[in-house]
Student: 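Take a look at the following structure, please.
Naming: A, B, ... by sequence-line order, numbering from 1 per chain.
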Number of protein chains: 2
Amino acid sequence: MPRPPEKKRSNLRDVAAHAGVSVATVSRVLNASGRVSPETRARVQAAIAELRFRPLAAARAINSGRSRMIGALLPSLDNSTYARVIDGLEARLAEHDLSLMVARTGEDRQVELARARQLLEAGAEGLFLAGRTRAPALLELIAHYRLPAIMLAYWDPDGPIPSVSYDNVAAVAAAADHLRGLGHREIAVIHGPRATNDRTAQRLETLAALGDGLRYAPFETELSFAGGAAAARRIAQARGPATAALCFSDMLAMGAMAGFQSAGLVIPRDMSVLGIEDLPAAAATHPPLTSVRLQVQRMGEEAGEAMARWVETGERPAPLCLDCELIVRASTAPPRG
Amino acid sequence: MPRPPEKKRSNLRDVAAHAGVSVATVSRVLNASGRVSPETRARVQAAIAELRFRPLAAARAINSGRSRMIGALLPSLDNSTYARVIDGLEARLAEHDLSLMVARTGEDRQVELARARQLLEAGAEGLFLAGRTRAPALLELIAHYRLPAIMLAYWDPDGPIPSVSYDNVAAVAAAADHLRGLGHREIAVIHGPRATNDRTAQRLETLAALGDGLRYAPFETELSFAGGAAAARRIAQARGPATAALCFSDMLAMGAMAGFQSAGLVIPRDMSVLGIEDLPAAAATHPPLTSVRLQVQRMGEEAGEAMARWVETGERPAPLCLDCELIVRASTAPPRG
DNA sequence: GTGAAAGCGCTAACAT
DNA sequence: ATGTTAGCGCTTTCAC
């Protein structure tokens, strides 16, 4: 059956012709730049509406030299943490009429580099990066073009890229301190892949350097609920001395609770479990999860604001460190005996 | 302190001059179109490398009329479901050298329309849409421009937009059938906002129309772990007749398990809990969660492939319905007594 | 095999 | 207040 032909997208010239004005005038109406008489404006707007005209961002970008788009290179989306970060970033960028384009890196620095190039080809005016580790070529790229770049999720005030982040060292120290205060001495540490994730590595190094007399036994696993559960089952089966599990994320902690419970342990009687992040879910688990609250959404908002200012005014933001807070709930208690 | 000036991004002309050839030749090298002698090619490539040249996507797009970008309008990212969909979409699109740009709608049809316009201005060659409900203006836009659009997460073979989806009706029917087979008669249904989510509405209508003699009591809550937990506490406190909770997502089900357990109920002895989706976490919960497996990632892959074909060859894809499968685990059992 | 030149849709001087 | 025109960085005929 014959169908009506696809309508061509109309352009500035079409609109100008339709309204009986020049392209410059249409452009002025579009950008609210320069003076246009009310009658002309009305005529142009009518033409725009009638022709369903929408300016092509690519054409604007090529002229203005600005895409108004910022790129974010994040490890994964399968993770409510980064969903919350994105929320914050987008909200603030939108206030400055900037848009966000997200690419996933899977913690692979070569992928990160490749996706960064792609974002830059797409016109990204700045980049958000997670963690401190970079492919050298990416660092070089950023330096070469003086590209606005902000580092998330890793506090490092002295690096080449300004951090807007919570402080992993403080978070892990607060967690350890809480367990020590309760009387725990043998701690199982449940964490995601260390080799590829510098935040995890930094947290583990922090524990090792704490010198608080506690023993930390690391259990590496997949960074997910199922991974946390698997680690907990390993810990339970080993019948080791651990009386508490310090989990490097709430998702891990939730999985760990399920894993311990499957093994017949009662939390916190037989095992204390502690998370980091304080997801909205943490207050609703059984038992409610003690966790170190990271200001994840706020990190996104602050970083978004800082980036907007950077690309608009050229002023490089000062590093910003967000503090964390231990939220004590029912999943931690003194060890038995 | 004085810093070296920001380097300007080099363009085709710079490369051409540097290599001693014309811009046309550089363009040929870039696109592997037309014949170029090996020596010239080498010279051009050296110039490209030296000047760190990367073609600007906007400029290519404006000429070729193609952005090679597809937009996805999804309700939320704070939800591993859509993270899995995005995985699938991106993987297949990338195989065809197409990129994906995601925008969140929050199930708001006006937001969806606005974000769709934004994606189209950014040059999107096609759109992925979640669910069936649209702002009329968006439907009209799609029809007007014959815009490739694929509907996800709602099976409707007869709608104006081709579906690539699992079947919510079948999923809910499988869940209900399982509970009926176990002997349950009074079912609490835990679900997210009905008014804004047509998948939820369709599932509820399916249950109401089942005519299987079971009684379904709906409990609407926030679509999250915490929401599931809150609903479960309400159900437990009401001390109603429900012996099973049918949850419209695994996240809700995981929260519901925690909520019931907090209220002192033992699963499945005092309450059976059943989810829909079969997240990777479902097998690791305590007890392991019975769930209806939806092929979420596969939906993303199939939709990505269909879209790639559509924009490359112009052939509109046939609707595709993915089947679901009940995965019985330990969270469901016959009612007591 | 290579180059010159005409645009793509828009913005921004510069005229009027 | 409005129009004319020269580009932005690239692709793509069309000559040679």
Student: Going 5' to 3' along DNA chain C, which are the first and last nucleotides with any atom under 4.0 Å from a heavy atom of chain A?
Tutor: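 The protein-touched segment is dC8(C) to dA13(C).
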
Student: Just the rounded figure in Å: distance from P of dG9(D) to CD of Glu121(A).
Tutor: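 Rounding to the nearest Å, CD of Glu121(A) and P of dG9(D) are 15 Å apart.
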
Student: Would you kindly give the CZ-to-C1' distance between Arg66(A) and dG9(D), to the nearest whole Å?
Tutor: 18 Å

Student: For residues 60-72 of chain A, run the donor-acceptor check on the side chains, cut-off 3.5 Å, and write out each pair with its distance to 0.1 Å, sequence neighbours left out.
Tutor:
from: Arg60(A); atom 1: NH2; to: Asn31(A); atom 2: OD1; distance (Å): 2.9
from: Asn63(A); atom 1: ND2; to: Ala59(A); atom 2: O; distance (Å): 2.7
from: Ser64(A); atom 1: OG; to: Arg60(A); atom 2: O; distance (Å): 2.9
from: Ser64(A); atom 1: OG; to: Arg66(A); atom 2: N; distance (Å): 3.2
from: Ser64(A); atom 1: OG; to: Arg66(A); atom 2: O; distance (Å): 3.2
from: Arg66(A); atom 1: NE; to: Glu125(A); atom 2: OE1; distance (Å): 3.2
from: Arg66(A); atom 1: NE; to: Glu125(A); atom 2: OE2; distance (Å): 3.3
from: Arg66(A); atom 1: NH1; to: Glu312(A); atom 2: OE1; distance (Å): 3.0
from: Arg66(A); atom 1: NH2; to: Glu125(A); atom 2: OE1; distance (Å): 2.8
from: Ser67(A); atom 1: OG; to: Met69(A); atom 2: N; distance (Å): 3.1
from: Ser67(A); atom 1: OG; to: Gly123(A); atom 2: O; distance (Å): 2.6
from: Arg68(A); atom 1: NE; to: Asp97(A); atom 2: O; distance (Å): 3.0
from: Arg68(A); atom 1: NH2; to: His96(A); atom 2: O; distance (Å): 3.0
from: Arg68(A); atom 1: NH2; to: Glu312(A); atom 2: OE2; distance (Å): 2.7

Student: Which part of the nucleic acid does Ile62(B) contact within heavy-atom distance under 4.0 Å: base, sugar-phosphate only, or nothing?
Tutor: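 Base contact.
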
Student: Mind checking what makes salt bridge (Lys or Arg N to Asp or Glu O under 4.0 Å) contact with Arg13(B), not counting sequence neighbours?
Tutor: none

Student: Can you name the residues that form a side-chain contact (heavy atoms from CB on, under 4.5 Å) with Pro160(A), not counting sequence neighbours?
Tutor: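 In terms of side-chain contact (heavy atoms from CB on, under 4.5 Å), with neighbours along the sequence ignored, Pro160(A) is linked to Leu139(A).
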
Student: For the helix from dG1(C)-dC16(D) to dT16(C)-dA1(D), measure the angle between the helix axis at one end and the axis at the other, each built from five pairs, rounding to 10°.
Tutor: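 Computed from the C1' atoms at both ends, the axes differ by 40°.
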
Student: Apply side chain to side chain donor-acceptor pair (under 3.5 Å) to Arg298(B) and list each qualifying residue two or more places apart in sequence or on a separate chain.
Tutor: Gln295(B), Glu302(B)

Student: Got a sec, which residues hit side chain to side chain donor-acceptor pair (under 3.5 Å) with Asp87(B), two or more places apart in sequence or on another chain?
Tutor: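 Checked Asp87(B) against side chain to side chain donor-acceptor pair (under 3.5 Å); matches are Arg104(A).
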
Student: Got a sec, which residues hit side-chain contact (heavy atoms from CB on, under 4.5 Å) with Leu120(B), two or more places apart in sequence or on another chain?
Tutor: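 By the side-chain contact (heavy atoms from CB on, under 4.5 Å) rule, Leu120(B) matches Ala124(B), Leu141(B), Leu147(B).
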
Student: Which residues satisfy the salt bridge (Lys or Arg N to Asp or Glu O under 4.0 Å) test with Arg109(A), sequence neighbours excluded?
Tutor: Glu107(A), Glu112(A)

Student: Taking the basic N atoms (NZ, or NE/NH1/NH2) and the acidic carboxylate oxygens, is any pair closer than 4.0 Å for Glu140(B) and Arg52(A)?
Tutor: yes

Student: Residues in side chain to side chain donor-acceptor pair (under 3.5 Å) with Thr133(A), at least two apart?
Tutor: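 Only Asp198(A) meet the side chain to side chain donor-acceptor pair (under 3.5 Å) criterion with Thr133(A).
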
Student: Would you list the pairs meeting salt bridge (charged side-chain N to carboxylate O under 4.0 Å, His left out) in which at least one residue belongs to residues 24-42 of chain B, sequence neighbours left out?
Tutor: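 Passing the test, one end in residues 24-42 of chain B: no pairs.
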
Student: So if I define the base as every atom that isn't primed, P, OP1 or OP2, how would nucleotides 11-16 of chain D read as a B/S/- string at a heavy-atom cutoff under 4.0 Å?
Tutor: BBB---

